[in-house]
Asks: 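This is the structure I want to talk about, given as structure tokens.
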Amino acid sequence: METQNQSQSPSSHSAGSSPAASSSLMDNLLGLLRVRVRRGINLAVRDVRTSDPYVVVKMGKQKLKTRVMKKNVNPEWNEDLTLSVADPSLPIKLTVYDKDTFSKDDKMGDAEFDIKPFLEAVKMDFPNLPSGTIVMRVQPCRQNCLAEESCISLLDGKIVQDMCLRLRNVECGEVEIQLQWIDLPGSSRK
């Protein structure tokens, strides 16, 4: 009967053990963000003449990484990493590391990017636009790590954003990525 749940007093559950708290992650989940880590360009040398790079992508408490590319400062990962998005205001941080066998992995630069412009485009409706149409452009500025203009496009009925990120805190290097949104059934895309 529906009235049984309503008859419990609010004080009968502690704040941390409330059934609502345990399901709040799924309730607040907007969808999934697929980050395709395409390739690194002119990455820094951290070993004798080369590096063994891999990429770590972080958003909030989520942390995902690509495979290590041995002896390559221009690696092609073409790897998909999927993040759960509940708070679109959280920046996404991408860090490149050099894998070392006997010591701590060396940092090879990092970049941060914002998904708000991308999510704005995802919310729009483009019923009759042909595939390949650019729906929004994001310009490089001091607040982002874009190396060049980033285009948000309609591709086969899906919104994608291509980015070339200039790595910070390092002498050289860029990473190319592509974002794609995955709607979840019943998600609350705001």
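This structure is a prediction, so every number in the text was calculated from the model and none was measured.
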Asks: Please round to the nearest 0.5 Å and tell me the distance separating atom NZ of Lys58 and atom CG of Asp110.
Replies: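 Lys58 NZ to Asp110 CG: 10.5 Å, rounded to 0.5 Å.
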Asks: Within a strict 4.5 Å, meaning less than it, do heavy atoms of the Asn74 and Asn72 side chains meet?
Replies: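 Side-chain contact under 4.5 Å: yes.
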Asks: What verdict does the side-chain contact (heavy atoms from CB on, under 4.5 Å) test give for Asp114 and Asn144, after you've listed the backbone C-alpha separation in whole Å, the side-chain angles of each residue and the deciding distance to 0.1 Å?
Replies: CA-CA 7 Å; Asp114 182 12; Asn144 64 37; over 6 Å; no
Asks: Give a yes or no answer on whether the side chain of Asp47 reaches the backbone of Arg49 with a donor-acceptor pair at less than 3.5 Å.
Replies: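 Checking the backbone N and O of Arg49 against the side chain of Asp47, no donor-acceptor pair under 3.5 Å is found.
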Asks: Working to the nearest 0.5 Å, report the span between CE of Met59 and CZ of Phe113.
Replies: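 The distance works out to 8.5 Å.
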Asks: For residues Val170 and Ile177: do they belong to one hydrophobic cluster (side chain heavy atoms under 4.5 Å, members Ile, Leu, Val, Met, Phe, Trp, Tyr)?
Replies: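 Hydrophobic grouping puts Val170 with Ile177.
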Asks: Under 4.5 Å between any side-chain heavy atoms of Leu167 and Lys107, yes or no?
Replies: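 No, side chains not in contact.
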Asks: Just so I know, are the side chains of Arg36 and Gln180 near enough to count as touching, which here means a heavy-atom distance under 4.5 Å?
Replies: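 No, their side chains stay 4.5 Å or more apart.
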Asks: Report the distance from atom CG of Asp80 to atom CZ of Arg34, rounding to the nearest 0.5 Å.
Replies: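 Output value for this atom pair is 5.0 Å.
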Asks: Look at the side chain of Trp77 and the backbone N and O of Arg67, then say whether any donor-acceptor pair between them is shorter than 3.5 Å.
Replies: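 Yes, the answer is positive, given that a donor and an acceptor are paired below the 3.5 Å cut-off.
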Asks: Would you name the heavy atoms of Trp181 and Leu33 that are closest together and state the gap between them?
Replies: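 Of all heavy-atom pairs spanning Trp181 and Leu33, the closest is CE3-CD1, 4.2 Å.
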Asks: Would you kindly confirm whether Val35 and Leu146 end up in one hydrophobic cluster when ILVMFWY residues are joined by side chain heavy atoms under 4.5 Å apart?
Replies: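 Hydrophobic grouping puts Val35 with Leu146.
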Asks: Is it the case that one hydrophobic cluster holds both Val45 and Met69, taking links as side-chain heavy atoms less than 4.5 Å apart, direct or via other members?
Replies: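 Linked, Val45 and Met69 end up in one cluster.
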Asks: Donor-acceptor pairs under 3.5 angstrom involving side-chain atoms of residues 157-166: please list them, not counting sequence neighbours.
Replies:
| unit_1 | atom_1 | unit_2 | atom_2 | d |
| --- | --- | --- | --- | --- |
| Gln161 | NE2 | Ser150 | OG | 2.8 |
| Asp162 | OD1 | Arg38 | NH1 | 3.1 |
| Asp162 | OD1 | Gln178 | NE2 | 3.1 |

Asks: If I compare all heavy atoms of Pro53 with all of Pro75, which pair ends up nearest, and what's the gap?
Replies: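 Smallest heavy-atom distance, with atoms named: CG-CG, 3.7 Å.
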Asks: So if you build clusters from Ile, Leu, Val, Met, Phe, Trp, Tyr with side-chain heavy-atom gaps below 4.5 Å, do Phe126 and Phe118 land together?
Replies: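 Result: yes, single cluster for both.
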Asks: Check residues 128-139 and write down every donor-acceptor pair under 3.5 Å in which the side-chain atom is one partner and the other belongs to a residue at least two apart or another chain.
Replies:
| unit_1 | atom_1 | unit_2 | atom_2 | d |
| --- | --- | --- | --- | --- |
| Ser131 | OG | Asp156 | N | 2.9 |
| Thr133 | OG1 | Pro130 | O | 2.6 |
| Arg137 | NH1 | Glu149 | OE1 | 2.9 |
| Gln139 | NE2 | Glu149 | OE2 | 2.6 |

Asks: Please list every donor-acceptor pair under 3.5 Å in which a side-chain atom of residues 82-100 meets a protein atom from a residue at least two apart or in another chain.
Replies:
| unit_1 | atom_1 | unit_2 | atom_2 | d |
| --- | --- | --- | --- | --- |
| Asp87 | OD1 | Ser89 | N | 3.0 |
| Asp87 | OD1 | Ser89 | OG | 2.5 |
| Asp87 | OD2 | Ser89 | OG | 3.3 |
| Asp98 | OD1 | Asp52 | N | 2.6 |

Asks: First locate atom CG of Leu43, then atom CE of Met108, and finally report the distance between them rounded to the nearest 0.5 Å.
Replies: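 If I round to the nearest 0.5 Å, the distance is 4.5 Å.
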Asks: Grouping I, L, V, M, F, W and Y whenever their side-chain heavy atoms are under 4.5 Å apart, do Val175 and Val68 come out in a common cluster?
Replies: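 Shared cluster, no.
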